[in-house]
Participant: 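Can you read through this structure? Questions will come right after.
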Amino acid sequence: MGRIVYVNGDYVDEAEARVSIFDRGFLMADGVYEVTSVLDGKILDYPGHAARLARSLSELDMTPPVSDDELLAIFREMVERNKLVDGMIYLQVTRGNPGDRDFAFPDPEKVSPTLILFTQSKPGLADSPAAKSGLKVISVPEMRWNRRDIKTTQLLYPSMAKMMAKKAGVDDAWLVEDGMVTEGTSNNAYIVKDGAIITRNLSNDILHGITRAAVLRFAREAQMKVEERSFSIDEAQAADEAFITSASSFVTPVIEIDGTAVGTGKPGPVAGRLREIYLEESRKTAI
Ligand code: PMP
């Protein structure tokens, strides 16, 4: 038996899980998702992920398939049934199966959304080697659509950018639009200069990271200076430190951008401290 996955109200073996080929998630990437981390069997930042899911659904006129409380119960059941200690819960909601292919949205009274969840076990998630070694990134042109604030399953360009990074022998790519970094392929991007933490301001240009919100809150509480504004690759290469955040990588240092070492070329103290604070604080509120 493999993992137990969730499909529209049922907990089934992964080999038995079925979604229609007419599902709009499959045909049109008409779906949204969330990735939530689990440490020591507890879910990190659930309210943040539930709120962002609600917003993504609302921006796309999609009906939430279950309430927040029901969803939390499903998350817990997934952790329990899969004996998940450290890892992630992946959740996806699509506009469902209208029974045929059509560009127009189906009537939500007639077609209900598809809700699926699965777990990914990552023993030692909080002690990833990348946190110690740091990541190398390249810059690539931003070519995604303009509603990056909605967490949709249209991930082809981020996947292509990841492949460009892989081909270049590095770990990830930062996307650049009008000379300024938007974010990483699957994470928010930051630099540190003279003690100030600099990251792009929220808009439709970037995903509103749940980890970003938490890290900036903790940084401000720790009296660190935070500047929410755009920065260029040149400014990032001349910074003291760089790092990324995401729900599954927490805070991870970036040590090289387009072949140029950032700061000392080693993970910096600000990223290290923020990672520590983030892990400590989010473990406290994990449920
Ligand atoms: N930006 C993008 C494009 C992402 O895919 C992600 C990860 N889902 C993030 C930022 C980070 O968001 P979060 O901290 O909520 O995982």
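Each ligand, and each atom within it, is numbered from 1 in the order the structure gives.
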Participant: Would you call the rings of Phe250 and Tyr278 parallel, tilted or perpendicular, where under 30° means parallel and over 60° means perpendicular?
Facilitator: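 Answer is tilted, since the angle falls between 30° and 60°.
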
Participant: Looking at Ser246, which atoms of ligand 1 are within less than 4.0 Å of one of its heavy atoms?
Facilitator: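 In order of numbering, the contacting atoms are 11 (C), 14 (O), 16 (O).
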
Participant: Considering both backbone and side-chain atoms of Thr245, is one of its nitrogen or oxygen atoms within less than 3.5 Å of a nitrogen or oxygen in ligand 1?
Facilitator: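 No; every N/O pair is 3.5 Å or more apart.
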
Participant: Check for me whether Asn188 has a heavy atom closer than 4.0 Å to any atom of ligand 1.
Facilitator: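 True for this residue.
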
Participant: Could you tell me whether the side chains of Ser232 and Glu235 share a donor-acceptor contact shorter than 3.5 Å?
Facilitator: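 Glu235 and Ser232 do not have a side-chain donor-acceptor pair below 3.5 Å.
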
Participant: What residue among Ile210, Leu207, Leu53 forms side-chain contact (heavy atoms from CB on, under 4.5 Å) with Lys151?
Facilitator: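 Exactly one option meets the side-chain contact (heavy atoms from CB on, under 4.5 Å) with Lys151, and it is Leu207.
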
Participant: Starting from atom 1 (N) of ligand 1, locate the nearest protein heavy atom and write down its residue, its atom name and how far away it is, to 0.1 Å.
Facilitator: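 So the nearest neighbour among protein heavy atoms is Glu183 OE1, 2.6 Å.
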
Participant: Is it true that Leu155 lies under 4.0 Å from ligand 1, counting heavy atoms only?
Facilitator: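 Outside the 4.0 Å threshold, so no.
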
Participant: What verdict does the side chain to side chain contact (heavy atoms under 4.5 Å, CB included) test give for Arg212 and Thr199, after you've listed the backbone C-alpha separation in whole Å, the side-chain angles of each residue and the deciding distance to 0.1 Å?
Facilitator: CA-CA 9 Å; Arg212 177 190 183 281; Thr199 193; 3.8 Å; yes

Participant: State the atoms of ligand 1, each with its element, that fall below the 4.0 Å cut-off from a heavy-atom position in Thr185.
Facilitator: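 So the answer, numbered in order with elements, is 3 (C).
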
Participant: Both conditions, 6.0 Å and 45 degrees, for the charged tip of Arg81 above the ring of Tyr11: are they met here?
Facilitator: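 Flagged: Arg81 positioned over aromatic ring of Tyr11.
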
Participant: Please say whether more than 12 non-hydrogen atoms of neighbouring residues, nucleotides or ligands are located less than 6.0 Å from NZ in Lys42.
Facilitator: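 Open.
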
Participant: Purely on distance, is any nitrogen or oxygen of Thr211 under 3.5 Å from one on ligand 1?
Facilitator: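 Yes, at least one N or O pair falls under 3.5 Å.
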
Participant: Tell me, which protein residue and heavy-atom name are nearest atom 16 (O) of ligand 1, and how many Å apart are they?
Facilitator: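 Heavy-atom neighbour on the protein nearest atom 16 (O) of ligand 1: Ala247 N, 2.8 Å.
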
Participant: Does Phe22 have Arg101 sitting over its ring (NZ/CZ under 6.0 Å from centre, angle to axis within 45°)?
Facilitator: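 Negative - Arg101 is either too far from the ring of Phe22 or too far off its axis.
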
Participant: Have a look at ligand 1 and work out which part of Ile210, if any, has a heavy atom under 4.0 Å from it: side chain, backbone, both or neither.
Facilitator: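 Answer for Ile210: both.
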
Participant: Would you mind telling me if ligand 1 is within reach of the side chain of Ile206, the backbone, both or neither, using heavy atoms under 4.0 Å?
Facilitator: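 The answer is neither.
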
Participant: One residue to check: Arg144. Relative to ligand 1, which of side chain, backbone, both or neither has a non-hydrogen atom less than 4.0 Å away?
Facilitator: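 Within the 4.0 Å criterion, Arg144 contacts ligand 1 through side-chain atoms alone.
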
Participant: Which protein non-hydrogen atom lies closest to atom 7 (C) of ligand 1, naming both residue and atom, and how far is it?
Facilitator: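 Closest protein heavy atom to atom 7 (C) of ligand 1: Ser186 O, 3.3 Å.
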
Participant: Could you check whether any side-chain N or O of Ser20 sits under 3.5 Å from a backbone N or O of Asn97, counting only pairs where one atom can act as donor and the other as acceptor?
Facilitator: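 Checking the backbone N and O of Asn97 against the side chain of Ser20, no donor-acceptor pair under 3.5 Å is found.
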
Participant: Looking at ligand 1, does Met88 have a heavy atom less than 4.0 Å from it?
Facilitator: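 Heavy atoms of Met88 never come under 4.0 Å of ligand 1.
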
Participant: So, is Arg52 polar-close to ligand 1, with some N/O to N/O distance under 3.5 Å?
Facilitator: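 It does: an N or O of Arg52 is found under 3.5 Å from an N or O of ligand 1.
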
Participant: Decide whether an N or O pair under 3.5 Å exists between Gly209 and ligand 1.
Facilitator: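 Among all N and O atoms of Gly209, none is under 3.5 Å from an N or O of ligand 1.
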
Participant: Is Lys151 in contact with ligand 1, taking contact as a heavy-atom separation below 4.0 Å?
Facilitator: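 Flag set, Lys151 near ligand 1.
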
Participant: Can you confirm whether Lys225 is buried at NZ, in the sense that more than 12 heavy atoms of other residues, nucleotides or ligands lie under 6.0 Å from that atom?
Facilitator: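 Open.
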
Participant: Do Tyr90 and Tyr33 make the cut of ring centroids closer than 6.0 angstrom?
Facilitator: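 Yes, they do, as the ring centres are separated by less than 6.0 Å.
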
Participant: Would His49 count as being in polar contact with ligand 1, using the rule that some N or O on each side must be under 3.5 angstrom apart?
Facilitator: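 By distance alone, the answer is no.
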
Participant: Scan side-chain atoms only and decide if Glu177 and Thr182 contain a donor-acceptor pair under the 3.5 Å cut-off.
Facilitator: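 Distance-only check fails for Glu177 and Thr182.
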
